[in-house]
Structure formats: structure tokens, C-alpha cells
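Counting from 1, the numbers follow the sequence of the chain as shown.
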Amino acid sequence: MKIEFHDKNIIEDKNLLYSIIVSKYKGKWVFVKDRERQRWEVPAGTREKGEEIIETANRELYEETGAIKYKLNYICDYSLELNNVITHAGLFFAEIEELETLPEYEIEEIRFQEYPPIDLIKNEIQFTLFNKVKEILQGEENVLDVT
């Protein structure tokens, strides 16, 4: 496995397959539990036909958390090489201000924590992405562009 980070908009939008949205609500990190995978993850999802990657991020954030008011920051793009296949995705950070009832999609439960759950720590890809956002927030908190 190899992850390579790129400035946003370096990879053509049409080539970005996923949006990963590391999020906070009331000062705590947001983690979601998928009904099928039964593990804790950061909100994320696959782009649907005709969507811009930012639209994917907005849709997935709502579907997986119930977020209706938030500030979404486009952090960067990244490439993931896994089993000799390279995919590209957009990495986002959301500061959630308001949630409604969790929609009836694939997420079973939502949790707010100061630290990532063990499931996330064991998932090398998600933990690397989580740490990238955390690192950027710590170093450049006032520099992020809100999209």
C-alpha cells in the first residue's frame, strides 16, 4: 500500500473516485459505524455519476452523519496504490455545526470522540488520512480555504 498526497485540483476532478471527510462536531472527532463492515470509520463514500467531488463530499457527509450545517474544507487530493491498482480521491475536513437525525442509509451509529477508535487505528488507509488532516489542522488552522 502506498498513499501519495497532492495539492487539491492537481488530479482532474473526473478522476477522483471517492470523498473522505474527516470531521469534528463540538470539538470531537466524528466516526461512523457501517452496518455491513461493522467497524468505525471516518465518513466517506463513492462518487455518483455526474457529481463533482465536492458534491460527493457534501452528500456523503449528510448521508453518514446527518450534518445539515457545516463548513467544508477541501484539504487535498491523494492517490492510493493497492495491489498494483491506483485510485484517486479527495480529502476533506468538515466542522459540523448542526446535525439532524441520522438518515436511514448504510450507517448504523455515529460516535464523537477525542481520539480515534481502535478500528480506525487498525485501518492503515483511514488512519493515514485522518492523521494527514489532523496534521494540517494543527499546522495551518487559519489558512484553510472554505469551499
Side-chain angles (χ1 to χ4, degrees), residues 1 3-80 87-147:
M1 180 206 79
I3 296 177
E4 188 175 327
F5 294 100
H6 313 280
D7 290 338
K8 59 185 175 184
N9 302 316
I10 293 293
I11 298 172
E12 263 190 275
D13 188 81
K14 68 179 183 178
N15 294 322
L16 300 170
L17 302 179
Y18 309 98
S19 284
I20 291 72
I21 313 102
V22 176
S23 308
K24 276 191 148 182
Y25 177 66
K26 295 186 177 181
K28 294 191 176 180
W29 298 105
V30 177
F31 302 100
V32 297
K33 188 176 189 182
D34 184 276
R35 291 182 200 284
E36 289 183 20
R37 290 187 291 274
Q38 287 295 298
R39 66 176 182 236
W40 292 99
E41 306 171 337
V42 298
T46 306
R47 169 194 216 133
E48 291 182 358
K49 187 174 180 163
E51 277 185 331
E52 300 284 326
I53 203 65
I54 189 82
E55 293 170 320
T56 304
N58 282 299
R59 178 181 51 76
E60 288 291 345
L61 185 62
Y62 170 73
E63 288 179 2
E64 298 203 352
T65 68
I68 56 172
K69 185 176 180 186
Y70 52 88
K71 294 176 185 164
L72 184 66
N73 299 282
Y74 192 161
I75 300 295
C76 65
D77 295 329
Y78 72 91
S79 301
L80 170 65
T87 56
H88 307 288
L91 182 60
F92 297 83
F93 171 70
E95 184 70 46
I96 300 171
E97 297 171 24
E98 187 177 344
L99 297 167
E100 65 178 22
T101 303
L102 186 63
E104 287 291 325
Y105 290 105
E106 69 271 11
I107 300 304
E108 179 178 297
E109 188 179 346
I110 185 170
R111 183 184 285 175
F112 312 103
Q113 296 185 186
E114 291 184 31
Y115 303 100
I118 195 71
D119 293 0
L120 190 80
I121 294 169
K122 288 181 177 180
N123 183 324
E124 188 177 353
I125 297 167
Q126 286 225 339
F127 193 58
T128 300
L129 299 174
F130 172 83
N131 280 331
K132 177 67 172 178
V133 171
K134 190 174 170 189
E135 170 190 310
I136 288 172
L137 291 177
Q138 289 172 342
E140 303 177 27
E141 193 165 334
N142 297 318
V143 182
L144 293 176
D145 293 328
V146 176
T147 55

A.B. asks: Would you say the side-chain atoms of Q126 pair up with the backbone N or O of V42, donor to acceptor, closer than 3.5 Å?
C.D. replies: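 Here the side-chain-to-backbone pair exists.
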A.B. asks: When rounded to the nearest 0.5 angstrom, what distance separates CD1 in I110 from CD1 in I96?
C.D. replies: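 If I round to the nearest 0.5 Å, the distance is 6.0 Å.
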A.B. asks: Flag the pair T128 / I125 as yes when at least one side-chain heavy-atom distance between them is below 4.5 Å, and no otherwise.
C.D. replies: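 Heavy-atom side-chain distance check fails, nothing below 4.5 Å.
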A.B. asks: Of the non-hydrogen atoms in Y74 and G90, which two are nearest, and what is the gap between them?
C.D. replies: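 Heavy atoms of Y74 and G90 come nearest at CE2-CA, 4.4 Å.
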A.B. asks: Determine whether a donor-acceptor pair (N or O, by modelled atom type, separation under 3.5 Å) exists between the side chain of D119 and the backbone of E41.
C.D. replies: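 Not a single qualifying donor-acceptor pair exists.
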A.B. asks: Look at the side chain of N58 and the backbone N and O of I54, then say whether any donor-acceptor pair between them is shorter than 3.5 Å.
C.D. replies: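 The answer is yes, because a donor-acceptor pair under 3.5 Å joins these two groups.
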A.B. asks: Charged N to carboxylate O below 4.0 Å: is that the case for R59 and E63?
C.D. replies: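 Salt bridge: yes.
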A.B. asks: Please give me the minimum heavy-atom distance between T56 and G45, naming the atom from each residue.
C.D. replies: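 Here T56 and G45 meet closest at CG2-O, 3.9 Å.
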A.B. asks: A quick test of your reading: do over 12 heavy atoms of other residues, nucleotides or ligands sit less than 6.0 Å from CD of Q38?
C.D. replies: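 Counting neighbours around CD of Q38, more than 12 heavy atoms of other residues, nucleotides or ligands fall under 6.0 Å, so yes.
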A.B. asks: Going by heavy atoms in the side chains, are F92 and I53 under 4.5 Å from each other?
C.D. replies: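 Yes, their side chains come closer than 4.5 Å.
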A.B. asks: Give the minimum heavy-atom separation between I11 and S79, together with the two atoms involved.
C.D. replies: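 Here I11 and S79 meet closest at CD1-OG, 3.7 Å.
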A.B. asks: Quick one: are D77 and H88 in side-chain contact, heavy atoms under 4.5 Å?
C.D. replies: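 They are not in contact (no side-chain heavy atoms under 4.5 Å apart), so the answer is no.
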A.B. asks: Does a side-chain N-to-carboxylate-O contact under 4.0 Å join E108 and R37?
C.D. replies: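 Judged by the 4.0 Å cut-off on N to carboxylate O distance, E108 and R37 do not form a salt bridge.
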A.B. asks: Can you name the nearest heavy-atom pair linking A67 to Y62, along with the distance?
C.D. replies: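 In terms of heavy atoms, the two residues are closest at O-CD1, 3.4 Å.
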A.B. asks: For the atom pair CG (N123) and CG (L120), what is the distance rounded to the nearest 0.5 Å?
C.D. replies: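 Answer for the CG-CG pair, N123 versus L120, is 6.5 Å.
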A.B. asks: Is Y18 close to L91 at the side-chain level, that is, under 4.5 Å between some pair of heavy atoms?
C.D. replies: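 They are not in side-chain contact.
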A.B. asks: Over all heavy atoms of both residues, which pair between S23 and P43 is shortest? Give the atoms and the distance, please.
C.D. replies: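 Here S23 and P43 meet closest at OG-CG, 4.2 Å.
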A.B. asks: Salt-bridge test for E98 and K69: reply yes if a basic N is under 4.0 Å from a carboxylate O, no otherwise.
C.D. replies: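 Looking at E98 and K69, the cut-off is not met.
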A.B. asks: State, yes or no, whether a side-chain contact exists between F112 and L99 at a heavy-atom distance under 4.5 Å.
C.D. replies: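 Yes, close enough: below the 4.5 Å cut-off.
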A.B. asks: Would you call K33 and W40 a side-chain contact if the rule is heavy atoms closer than 4.5 Å?
C.D. replies: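 A side-chain contact under 4.5 Å exists here.
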A.B. asks: State the OG1-CD distance between T65 and E100, to the nearest 0.5 angstrom.
C.D. replies: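 The OG1 atom of T65 sits 9.5 Å away from the CD atom of E100.
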A.B. asks: Within the side chain of E64, is there an N or O that forms a donor-acceptor pair under 3.5 Å with the backbone of I107?
C.D. replies: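 No; judged by distance alone, with no hydrogens or angles, the pair does not exist.
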A.B. asks: By ring-ring contact (aromatic ring centres under 6.0 Å, His included), which residues pair with W29, not counting sequence neighbours?
C.D. replies: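 W29: ring-ring contact (aromatic ring centres under 6.0 Å, His included) contacts with F130.
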A.B. asks: Quick one: pull up OH in Y115 and CD1 in I121 and give me the separation to the nearest 0.5 Å.
C.D. replies: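 Rounded to the nearest 0.5 Å, the OH-CD1 separation comes to 11.0 Å.
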A.B. asks: Quick one: does R47's side chain have a donor or acceptor within less than 3.5 Å of a partner on E51's backbone?
C.D. replies: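 Answer holds: yes.
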A.B. asks: Working to the nearest 0.5 Å, report the span between CD1 of I68 and CD of E97.
C.D. replies: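 That separation rounds to 10.5 Å.
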A.B. asks: When rounded to the nearest 0.5 angstrom, what distance separates CD in E109 from CZ in R35?
C.D. replies: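 Between E109 CD and R35 CZ, I get 10.5 Å after rounding to 0.5 Å.
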A.B. asks: Restricting to non-hydrogen atoms, name the atom on P117 and the atom on R111 that form the minimum distance, rounded to 0.1 Å.
C.D. replies: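 Nearest pair, atom of P117 first, then R111: CB-NH1, 4.5 Å.
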A.B. asks: Do K28 and Q113 have side chains that approach each other closer than 4.5 Å (heavy atoms only, starting at C-beta)?
C.D. replies: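 Not in contact.
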A.B. asks: Are any of the side-chain heavy atoms of V30 and I21 separated by less than 4.5 Å?
C.D. replies: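 No, too far: nothing below the 4.5 Å cut-off.
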A.B. asks: Find out whether the Lys NZ or Arg CZ of K132 is both under 6.0 angstrom from the six-membered ring centre of Y78 and within 45° of the ring's axis.
C.D. replies: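 Geometry flag: not set, cation outside 6.0 Å or 45°.
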